[in-house]
Amino acid sequence: MASGSDVKVEVEFDPKNMPFRRLGPSGLRVPVFSLGGWLTLGGTVIGDPVKDIIKVAFDNGINMFDTAEAYAKGRSEVEMGRVIKELGLRRTDLVITTKLFWGLRTGPNDGGLSRKHIIEGTKECLERLGLDYVDVIFAHRPDVSVPMEEVVRAFNWVIEKGLAFYWATSEWSAYEIEEAQHIATKLGLHGPIAEQCQHNMFHRERPEKEYRPLYKKYQLGTTVFSALASGLLTGKYNAGIPEGTRFSTHSNFFKGTVDSLQKEEGLTKIRKVNELSVLAEQELGCSVTHLALAWVAKNPNTSTVILGASKPEQVVDNLKALDVIPKLTPEIMDRIEAILANQPADPPTFGRPALDPNGRL
(Lines give C-alpha, C1' and ligand atoms only; values in the text may rest on other atoms or scores of the structure.)
Protein backbone atom coordinates (compact mmCIF):
# COMPACT_ATOMS: atom_id res chain seq x y z
CA MET A 1 0.00 0.00 0.00
CA ALA A 2 1.10 3.55 -0.69
CA SER A 3 1.72 5.89 2.18
CA GLY A 4 1.57 9.66 1.84
CA SER A 5 5.33 9.84 1.47
CA ASP A 6 5.30 7.34 -1.40
CA VAL A 7 3.26 9.62 -3.66
CA LYS A 8 4.89 12.55 -5.38
CA VAL A 9 2.75 15.56 -4.51
CA GLU A 10 1.69 17.35 -7.68
CA VAL A 11 -1.16 19.50 -6.34
CA GLU A 12 -1.26 21.69 -3.23
CA PHE A 13 -4.64 21.86 -1.52
CA ASP A 14 -6.35 25.26 -1.53
CA PRO A 15 -9.65 25.28 0.40
CA LYS A 16 -10.79 28.38 -1.54
CA ASN A 17 -13.99 29.61 0.16
CA MET A 18 -15.04 26.20 1.47
CA PRO A 19 -16.18 26.34 5.12
CA PHE A 20 -15.05 23.49 7.39
CA ARG A 21 -16.83 21.93 10.36
CA ARG A 22 -15.87 19.42 13.01
CA LEU A 23 -17.04 15.89 12.29
CA GLY A 24 -19.32 15.33 15.25
CA PRO A 25 -17.47 15.65 18.58
CA SER A 26 -14.07 14.94 17.03
CA GLY A 27 -11.34 17.39 16.15
CA LEU A 28 -11.40 16.27 12.50
CA ARG A 29 -12.38 19.12 10.19
CA VAL A 30 -14.44 18.27 7.12
CA PRO A 31 -15.72 20.48 4.29
CA VAL A 32 -19.39 21.45 4.32
CA PHE A 33 -19.66 19.71 0.95
CA SER A 34 -17.83 16.47 0.20
CA LEU A 35 -17.88 14.03 -2.72
CA GLY A 36 -19.20 10.47 -2.68
CA GLY A 37 -18.90 7.52 -5.05
CA TRP A 38 -22.31 5.85 -4.65
CA LEU A 39 -23.75 4.76 -8.05
CA THR A 40 -21.23 6.86 -9.98
CA LEU A 41 -17.49 6.56 -9.34
CA GLY A 42 -16.45 3.08 -10.43
CA GLY A 43 -20.02 2.32 -11.49
CA THR A 44 -21.55 4.44 -14.24
CA VAL A 45 -18.37 6.56 -14.34
CA ILE A 46 -15.00 4.90 -14.89
CA GLY A 47 -11.54 5.86 -16.16
CA ASP A 48 -10.52 9.43 -16.90
CA PRO A 49 -13.95 10.95 -16.11
CA VAL A 50 -13.46 9.83 -12.48
CA LYS A 51 -10.18 11.75 -12.39
CA ASP A 52 -11.84 14.81 -13.91
CA ILE A 53 -14.59 14.81 -11.27
CA ILE A 54 -12.26 14.35 -8.29
CA LYS A 55 -9.82 16.96 -9.61
CA VAL A 56 -12.55 19.56 -10.05
CA ALA A 57 -13.84 18.80 -6.55
CA PHE A 58 -10.35 19.10 -5.05
CA ASP A 59 -9.65 22.31 -6.99
CA ASN A 60 -12.83 23.79 -5.52
CA GLY A 61 -12.08 23.09 -1.86
CA ILE A 62 -13.44 19.56 -1.45
CA ASN A 63 -10.90 17.31 0.23
CA MET A 64 -13.26 14.68 1.68
CA PHE A 65 -14.11 11.67 -0.46
CA ASP A 66 -16.54 8.95 0.60
CA THR A 67 -16.84 5.42 -0.74
CA ALA A 68 -17.70 1.88 0.44
CA GLU A 69 -16.69 -1.72 -0.12
CA ALA A 70 -20.09 -2.34 -1.71
CA TYR A 71 -20.02 0.58 -4.15
CA ALA A 72 -19.69 -0.95 -7.62
CA LYS A 73 -18.49 -4.14 -5.90
CA GLY A 74 -15.25 -2.54 -4.76
CA ARG A 75 -14.49 -0.71 -8.01
CA SER A 76 -15.37 2.64 -6.46
CA GLU A 77 -12.53 2.24 -3.97
CA VAL A 78 -10.16 1.10 -6.72
CA GLU A 79 -10.97 4.08 -8.93
CA MET A 80 -10.75 6.55 -6.08
CA GLY A 81 -7.39 5.21 -4.94
CA ARG A 82 -6.02 5.23 -8.48
CA VAL A 83 -7.04 8.84 -9.02
CA ILE A 84 -5.57 10.02 -5.70
CA LYS A 85 -2.24 8.55 -6.76
CA GLU A 86 -2.37 9.75 -10.37
CA LEU A 87 -3.30 13.31 -9.36
CA GLY A 88 -0.48 13.37 -6.84
CA LEU A 89 -2.66 14.42 -3.90
CA ARG A 90 -0.98 14.61 -0.51
CA ARG A 91 -2.54 12.04 1.80
CA THR A 92 -2.55 14.37 4.78
CA ASP A 93 -4.59 16.88 2.78
CA LEU A 94 -7.39 14.35 2.35
CA VAL A 95 -10.22 12.94 4.44
CA ILE A 96 -11.01 9.50 3.04
CA THR A 97 -13.96 7.52 4.37
CA THR A 98 -15.22 4.08 3.46
CA LYS A 99 -17.87 1.71 4.77
CA LEU A 100 -18.19 -1.96 5.71
CA PHE A 101 -21.12 -4.35 5.75
CA TRP A 102 -21.84 -5.89 2.35
CA GLY A 103 -18.71 -7.79 1.41
CA LEU A 104 -17.66 -8.71 -2.10
CA ARG A 105 -18.09 -12.47 -1.65
CA THR A 106 -20.92 -14.69 -0.41
CA GLY A 107 -19.21 -16.62 2.37
CA PRO A 108 -20.88 -16.62 5.80
CA ASN A 109 -18.19 -14.30 7.22
CA ASP A 110 -17.68 -12.11 4.16
CA GLY A 111 -20.15 -9.48 5.29
CA GLY A 112 -21.81 -8.00 8.33
CA LEU A 113 -20.11 -6.62 11.42
CA SER A 114 -18.39 -9.58 13.01
CA ARG A 115 -14.91 -8.89 14.37
CA LYS A 116 -13.60 -11.02 11.52
CA HIS A 117 -15.24 -9.00 8.73
CA ILE A 118 -14.59 -5.62 10.34
CA ILE A 119 -10.86 -6.33 10.55
CA GLU A 120 -10.41 -8.30 7.33
CA GLY A 121 -12.84 -6.05 5.44
CA THR A 122 -10.97 -2.93 6.53
CA LYS A 123 -7.70 -4.39 5.29
CA GLU A 124 -9.28 -5.27 1.94
CA CYS A 125 -10.72 -1.76 1.60
CA LEU A 126 -7.25 -0.30 2.17
CA GLU A 127 -5.77 -2.66 -0.39
CA ARG A 128 -8.29 -1.55 -3.02
CA LEU A 129 -7.72 2.12 -2.14
CA GLY A 130 -3.95 1.67 -2.11
CA LEU A 131 -3.73 3.47 1.24
CA ASP A 132 -2.31 2.70 4.67
CA TYR A 133 -5.35 4.08 6.51
CA VAL A 134 -8.69 5.79 6.11
CA ASP A 135 -9.75 8.69 8.25
CA VAL A 136 -13.17 7.26 9.12
CA ILE A 137 -14.48 3.71 8.76
CA PHE A 138 -18.28 3.41 8.78
CA ALA A 139 -20.51 0.51 9.73
CA HIS A 140 -22.66 0.68 6.59
CA ARG A 141 -25.65 -0.89 8.37
CA PRO A 142 -26.32 -2.32 11.83
CA ASP A 143 -25.86 -6.08 12.25
CA VAL A 144 -28.46 -7.47 14.64
CA SER A 145 -26.79 -10.90 14.53
CA VAL A 146 -23.58 -9.67 16.21
CA PRO A 147 -23.28 -8.55 19.85
CA MET A 148 -22.77 -4.80 20.00
CA GLU A 149 -19.76 -5.19 22.28
CA GLU A 150 -18.02 -7.22 19.57
CA VAL A 151 -18.73 -4.47 17.02
CA VAL A 152 -17.41 -1.70 19.29
CA ARG A 153 -14.30 -3.66 20.26
CA ALA A 154 -13.52 -4.56 16.63
CA PHE A 155 -13.73 -0.98 15.38
CA ASN A 156 -11.53 0.11 18.27
CA TRP A 157 -8.97 -2.54 17.28
CA VAL A 158 -8.94 -1.06 13.77
CA ILE A 159 -8.34 2.38 15.26
CA GLU A 160 -5.62 1.25 17.66
CA LYS A 161 -3.77 -0.49 14.82
CA GLY A 162 -3.77 2.75 12.80
CA LEU A 163 -6.00 1.46 10.00
CA ALA A 164 -8.53 4.23 10.70
CA PHE A 165 -8.65 7.27 12.96
CA TYR A 166 -12.37 7.17 13.82
CA TRP A 167 -15.41 4.97 13.31
CA ALA A 168 -18.99 5.90 12.56
CA THR A 169 -22.35 4.45 11.56
CA SER A 170 -24.71 4.60 8.60
CA GLU A 171 -28.47 4.12 8.69
CA TRP A 172 -28.43 2.99 12.32
CA SER A 173 -31.37 3.64 14.61
CA ALA A 174 -30.96 6.00 17.54
CA TYR A 175 -31.32 3.01 19.85
CA GLU A 176 -28.41 1.20 18.16
CA ILE A 177 -26.17 4.26 18.26
CA GLU A 178 -27.02 4.79 21.93
CA GLU A 179 -26.17 1.15 22.69
CA ALA A 180 -22.79 1.50 20.97
CA GLN A 181 -22.06 4.71 22.87
CA HIS A 182 -23.07 3.13 26.17
CA ILE A 183 -20.78 0.14 25.63
CA ALA A 184 -17.90 2.34 24.50
CA THR A 185 -18.26 4.53 27.59
CA LYS A 186 -18.46 1.53 29.91
CA LEU A 187 -15.33 -0.05 28.42
CA GLY A 188 -13.37 3.19 27.99
CA LEU A 189 -13.37 2.81 24.18
CA HIS A 190 -14.08 5.07 21.21
CA GLY A 191 -17.74 5.43 20.28
CA PRO A 192 -19.04 6.36 16.81
CA ILE A 193 -18.56 10.05 16.00
CA ALA A 194 -20.97 10.42 13.09
CA GLU A 195 -23.98 8.93 11.33
CA GLN A 196 -24.26 8.81 7.56
CA CYS A 197 -27.95 9.23 6.95
CA GLN A 198 -30.39 10.32 4.33
CA HIS A 199 -31.58 13.86 4.97
CA ASN A 200 -33.49 16.09 2.60
CA MET A 201 -36.62 18.20 2.46
CA PHE A 202 -38.75 15.09 2.03
CA HIS A 203 -36.92 12.82 4.50
CA ARG A 204 -36.74 14.42 7.93
CA GLU A 205 -38.10 12.25 10.77
CA ARG A 206 -34.95 10.28 11.56
CA PRO A 207 -32.28 13.02 11.20
CA GLU A 208 -34.36 15.79 12.75
CA LYS A 209 -36.40 13.94 15.39
CA GLU A 210 -35.10 10.45 16.15
CA TYR A 211 -31.46 11.55 16.40
CA ARG A 212 -32.20 14.78 18.28
CA PRO A 213 -31.20 13.43 21.72
CA LEU A 214 -27.94 12.07 20.26
CA TYR A 215 -26.89 15.48 18.96
CA LYS A 216 -27.29 16.95 22.42
CA LYS A 217 -25.83 14.05 24.41
CA TYR A 218 -22.92 12.98 22.17
CA GLN A 219 -22.52 15.92 19.77
CA LEU A 220 -23.08 13.39 16.98
CA GLY A 221 -22.60 14.79 13.47
CA THR A 222 -24.20 13.67 10.22
CA THR A 223 -22.59 13.03 6.86
CA VAL A 224 -25.66 13.46 4.72
CA PHE A 225 -26.40 11.50 1.56
CA SER A 226 -29.29 12.00 -0.86
CA ALA A 227 -29.70 15.67 0.03
CA LEU A 228 -31.43 16.09 -3.34
CA ALA A 229 -33.69 13.06 -2.85
CA SER A 230 -31.85 11.25 -5.68
CA GLY A 231 -32.49 14.22 -7.96
CA LEU A 232 -36.17 14.78 -7.20
CA LEU A 233 -35.33 18.13 -5.58
CA THR A 234 -33.58 19.36 -8.72
CA GLY A 235 -36.90 19.54 -10.57
CA LYS A 236 -35.62 17.28 -13.35
CA TYR A 237 -38.39 14.74 -12.76
CA ASN A 238 -41.29 17.18 -12.67
CA ALA A 239 -42.40 16.22 -16.19
CA GLY A 240 -41.23 12.61 -16.39
CA ILE A 241 -38.01 10.58 -16.29
CA PRO A 242 -35.39 12.02 -18.70
CA GLU A 243 -32.87 9.66 -20.29
CA GLY A 244 -29.47 9.53 -18.64
CA THR A 245 -30.77 10.56 -15.20
CA ARG A 246 -30.33 8.47 -12.04
CA PHE A 247 -33.93 7.21 -12.14
CA SER A 248 -33.33 6.09 -15.73
CA THR A 249 -29.87 4.50 -15.46
CA HIS A 250 -30.76 2.76 -12.18
CA SER A 251 -34.42 2.08 -12.97
CA ASN A 252 -34.65 -1.18 -11.04
CA PHE A 253 -33.14 0.29 -7.89
CA PHE A 254 -35.47 3.31 -7.97
CA LYS A 255 -38.57 1.53 -9.30
CA GLY A 256 -40.58 2.15 -6.14
CA THR A 257 -39.69 5.84 -6.15
CA VAL A 258 -40.49 6.24 -9.83
CA ASP A 259 -43.84 4.49 -9.45
CA SER A 260 -44.71 6.72 -6.49
CA LEU A 261 -44.37 9.84 -8.65
CA GLN A 262 -47.59 8.86 -10.42
CA LYS A 263 -49.49 8.63 -7.15
CA GLU A 264 -50.85 11.34 -4.86
CA GLU A 265 -47.78 11.36 -2.58
CA GLY A 266 -45.40 11.76 -5.52
CA LEU A 267 -47.52 14.38 -7.25
CA THR A 268 -47.60 16.35 -4.00
CA LYS A 269 -43.82 16.29 -3.83
CA ILE A 270 -43.57 17.53 -7.44
CA ARG A 271 -45.96 20.36 -6.62
CA LYS A 272 -43.78 21.33 -3.66
CA VAL A 273 -40.65 21.25 -5.83
CA ASN A 274 -42.34 23.66 -8.23
CA GLU A 275 -43.23 26.01 -5.38
CA LEU A 276 -39.72 25.81 -3.97
CA SER A 277 -38.35 26.57 -7.44
CA VAL A 278 -40.32 29.80 -7.57
CA LEU A 279 -39.05 30.80 -4.12
CA ALA A 280 -35.47 29.96 -5.06
CA GLU A 281 -35.49 31.79 -8.36
CA GLN A 282 -37.50 34.87 -7.39
CA GLU A 283 -36.33 35.46 -3.82
CA LEU A 284 -32.82 33.98 -3.68
CA GLY A 285 -31.60 34.15 -7.26
CA CYS A 286 -30.68 30.47 -7.35
CA SER A 287 -32.01 27.13 -8.52
CA VAL A 288 -34.05 24.74 -6.40
CA THR A 289 -31.01 22.44 -6.42
CA HIS A 290 -28.90 25.06 -4.67
CA LEU A 291 -31.70 25.80 -2.23
CA ALA A 292 -32.16 22.14 -1.29
CA LEU A 293 -28.43 21.63 -0.71
CA ALA A 294 -28.09 24.84 1.30
CA TRP A 295 -31.13 23.92 3.40
CA VAL A 296 -29.49 20.67 4.57
CA ALA A 297 -26.09 22.33 5.04
CA LYS A 298 -27.63 25.04 7.23
CA ASN A 299 -28.64 22.45 9.83
CA PRO A 300 -26.09 22.76 12.67
CA ASN A 301 -26.00 18.98 13.13
CA THR A 302 -24.88 18.46 9.53
CA SER A 303 -21.12 17.98 9.45
CA THR A 304 -20.92 17.51 5.69
CA VAL A 305 -23.27 17.05 2.74
CA ILE A 306 -22.05 14.34 0.36
CA LEU A 307 -22.45 15.32 -3.28
CA GLY A 308 -22.83 12.82 -6.08
CA ALA A 309 -21.72 13.67 -9.60
CA SER A 310 -21.39 11.98 -12.98
CA LYS A 311 -19.82 15.07 -14.58
CA PRO A 312 -17.33 17.68 -13.28
CA GLU A 313 -19.69 20.55 -14.06
CA GLN A 314 -22.24 19.09 -11.64
CA VAL A 315 -19.77 19.53 -8.79
CA VAL A 316 -19.12 23.16 -9.72
CA ASP A 317 -22.82 23.89 -10.02
CA ASN A 318 -23.71 22.22 -6.72
CA LEU A 319 -21.12 24.30 -4.88
CA LYS A 320 -23.10 27.43 -5.75
CA ALA A 321 -25.18 26.37 -2.75
CA LEU A 322 -22.44 27.87 -0.55
CA ASP A 323 -23.62 31.32 -1.57
CA VAL A 324 -27.22 30.47 -0.67
CA ILE A 325 -26.62 29.34 2.93
CA PRO A 326 -26.27 32.90 4.34
CA LYS A 327 -29.45 33.91 2.49
CA LEU A 328 -31.55 31.41 4.45
CA THR A 329 -32.88 33.90 6.99
CA PRO A 330 -35.48 32.90 9.59
CA GLU A 331 -38.14 34.42 7.33
CA ILE A 332 -37.03 32.36 4.33
CA MET A 333 -36.83 29.20 6.45
CA ASP A 334 -40.39 29.82 7.65
CA ARG A 335 -41.57 30.15 4.05
CA ILE A 336 -39.83 26.90 3.16
CA GLU A 337 -41.55 25.18 6.09
CA ALA A 338 -44.90 26.53 4.92
CA ILE A 339 -44.35 24.90 1.53
CA LEU A 340 -43.03 21.61 2.87
CA ALA A 341 -45.56 21.25 5.71
CA ASN A 342 -43.68 18.21 7.03
CA GLN A 343 -41.61 19.47 9.95
CA PRO A 344 -41.25 16.69 12.54
CA ALA A 345 -43.33 17.34 15.63
CA ASP A 346 -41.68 18.11 18.95
CA PRO A 347 -41.97 15.46 21.67
CA PRO A 348 -45.22 15.79 23.63
CA THR A 349 -45.06 17.83 26.83
CA PHE A 350 -48.39 16.52 28.18
CA GLY A 351 -49.56 19.98 29.16
CA ARG A 352 -46.36 21.25 30.75
CA PRO A 353 -45.77 24.96 30.05
CA ALA A 354 -42.89 25.91 27.77
CA LEU A 355 -39.55 26.89 29.28
CA ASP A 356 -38.05 30.34 28.80
CA PRO A 357 -36.45 30.22 25.32
CA ASN A 358 -33.68 32.53 26.56
CA GLY A 359 -32.56 30.00 29.14
CA ARG A 360 -30.93 26.61 28.78
CA LEU A 361 -33.36 24.20 27.18
Side-chain angles (χ1 to χ4, degrees), residues 13-38 54 57-67 89-99 134-138 164-172 174 177 181 190-201 203-204 206-208 210-228 289-309 315-316 318-330 332-333:
F13 179 58
D14 180 355
K16 303 290 175 58
N17 66 334
M18 177 67 70
F20 282 74
R21 298 176 181 177
R22 290 168 57 197
L23 182 56
S26 78
L28 182 65
R29 297 186 179 195
V30 295
V32 169
F33 291 106
S34 49
L35 181 70
W38 182 50
I54 290 180
F58 189 80
D59 288 345
N60 283 274
I62 292 177
N63 68 335
M64 178 176 175
F65 302 98
D66 176 78
T67 184
L89 305 184
R90 181 183 285 108
R91 178 63 186 90
T92 54
D93 284 337
L94 305 175
V95 176
I96 305 297
T97 65
T98 194
K99 297 181 284 294
V134 290
D135 296 270
V136 188
I137 186 83
F138 282 81
F165 295 146
Y166 308 91
W167 77 281
T169 62
S170 180
E171 292 288 85
W172 282 31
I177 296 171
Q181 293 284 5
H190 303 287
I193 63 169
E195 159 63 28
Q196 189 163 131
C197 61
Q198 182 179 176
H199 189 190
N200 58 61
M201 289 175 165
H203 188 94
R204 305 179 62 180
R206 171 166 276 186
E208 295 182 32
E210 182 182 336
Y211 292 159
R212 190 181 300 169
L214 301 177
Y215 301 139
K216 185 175 183 180
K217 187 174 183 180
Y218 300 110
Q219 290 76 55
L220 189 78
T222 61
T223 64
V224 172
F225 72 90
S226 201
L228 295 174
T289 298
H290 306 142
L291 173 59
L293 290 172
W295 181 86
V296 176
K298 183 177 175 62
N299 189 302
N301 301 308
T302 300
S303 291
T304 187
V305 179
I306 303 172
L307 304 176
V315 177
V316 176
N318 284 346
L319 289 180
K320 293 177 182 177
L322 288 171
D323 297 326
V324 181
I325 297 173
K327 298 179 181 179
L328 298 183
T329 62
I332 292 294
M333 294 295 282

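Everything numeric in this text was worked out from a predicted model, so none of it was measured.
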If only atom types and distance count, is the side chain of [X] paired as donor or acceptor with the main-chain N or O of [Y] below 3.5 Å?
{"X": "D135", "Y": "I96", "result": "yes"}
{"X": "S303", "Y": "G24", "result": "yes"}
{"X": "E210", "Y": "A174", "result": "yes"}
{"X": "T67", "Y": "G37", "result": "no"}
{"X": "W38", "Y": "S226", "result": "no"}
{"X": "Q219", "Y": "K216", "result": "yes"}

message: In the structure I gave you, are the side-chain heavy atoms of D323 and H290 within less than 4.5 Å of one another anywhere?
response: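 A side-chain contact under 4.5 Å is absent here.
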
query: Looking at side-chain heavy atoms only, is the closest gap between V30 and T223 below 4.5 Å?
result: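 Answer no - side chains too far apart.
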
Between [X] and [Y], which heavy-atom pair has the shortest distance, and what is it?
{"X": "L35", "Y": "V315", "value": "CD1-CG2, 4.3 Å"}
{"X": "V32", "Y": "A297", "value": "CG1-CB, 3.8 Å"}
{"X": "A294", "Y": "A321", "value": "CB-O, 3.7 Å"}
{"X": "T97", "Y": "M64", "value": "CG2-CE, 3.8 Å"}
{"X": "I177", "Y": "P192", "value": "CG2-CG, 4.5 Å"}
{"X": "F20", "Y": "P15", "value": "CE1-CB, 3.8 Å"}

- request: List the steps and the verdict of side chain to side chain contact (heavy atoms under 4.5 Å, CB included) for Q181 and K217.
  value: CA-CA 10 Å; Q181 293 284 5; K217 187 174 183 180; over 6 Å; no

message: By the definition side chain to side chain contact (heavy atoms under 4.5 Å, CB included), identify the one residue from V224, L307, I306 that meets it with F33.
response: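 Per the side chain to side chain contact (heavy atoms under 4.5 Å, CB included) rule, the option paired with F33 is L307, out of V224, L307, I306.
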
Could you tell me the separation between the [atom1] atom of [X] and the [atom2] atom of [Y], rounded to the nearest 0.5 Å?
{"X": "R21", "Y": "T304", "atom1": "CZ", "atom2": "OG1", "result": "8.5 Å"}
{"X": "C197", "Y": "F225", "atom1": "SG", "atom2": "CZ", "result": "7.0 Å"}
{"X": "L322", "Y": "K320", "atom1": "CG", "atom2": "NZ", "result": "12.0 Å"}
{"X": "W172", "Y": "E195", "atom1": "CH2", "atom2": "CD", "result": "9.0 Å"}
{"X": "L23", "Y": "I193", "atom1": "CG", "atom2": "CD1", "result": "4.0 Å"}
{"X": "I54", "Y": "N63", "atom1": "CD1", "atom2": "CG", "result": "12.5 Å"}

task: Assess whether side chain to side chain contact (heavy atoms under 4.5 Å, CB included) is satisfied between L319 and L293, documenting all intermediate values.
output: CA-CA 9 Å; L319 289 180; L293 290 172; over 6 Å; no

message: Show, in sequence, the C-alpha distance, side-chain angles and deciding distance for M18 and I62, and conclude whether the side chain to side chain contact (heavy atoms under 4.5 Å, CB included) test is met.
response: CA-CA 7 Å; M18 177 67 70; I62 292 177; 3.8 Å; yes

field: Atom CZ of R212: over 12 foreign heavy atoms under 6.0 Å
entry: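 It does: R212 CZ has more than 12 such atoms within range.
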
- prompt: If you measure from the Lys or Arg side-chain nitrogens to the Asp or Glu carboxylate oxygens, is any gap between K99 and D66 under 4.0 Å?
  reply: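 Counted as a salt bridge, because a side-chain N and a carboxylate O are separated by less than 4.0 Å.
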
message: Test of understanding: with side-chain hydrogen bond (donor to acceptor under 3.5 Å, both in side chains), list the residues that count as partners of T222, not counting sequence neighbours.
response: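 Once residues adjacent in sequence are excluded, T222 has no partner under the side-chain hydrogen bond (donor to acceptor under 3.5 Å, both in side chains) criterion.
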
field: Under the salt bridge (charged side-chain N to carboxylate O under 4.0 Å, His left out) test, residues paired with D14 that sit two or more places apart
entry: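 D14 satisfies salt bridge (charged side-chain N to carboxylate O under 4.0 Å, His left out) with no other residue.
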
task: Fit a plane to each ring of F13 and F58, take the angle between them on a 0 to 90° scale, and name the class: parallel (under 30°), tilted (30 to 60°) or perpendicular (over 60°).
output: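 Tilted: the ring planes of F13 and F58 meet at 30° to 60°.
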
field: H199 and its side-chain hydrogen bond (donor to acceptor under 3.5 Å, both in side chains) partner, picked from R204, E208, R206
entry: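 It is E208; the other options fail the test.
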
Worked verdict on L220 versus N301 for side chain to side chain contact (heavy atoms under 4.5 Å, CB included): CA-CA 7 Å; L220 189 78; N301 301 308; over 6 Å; no

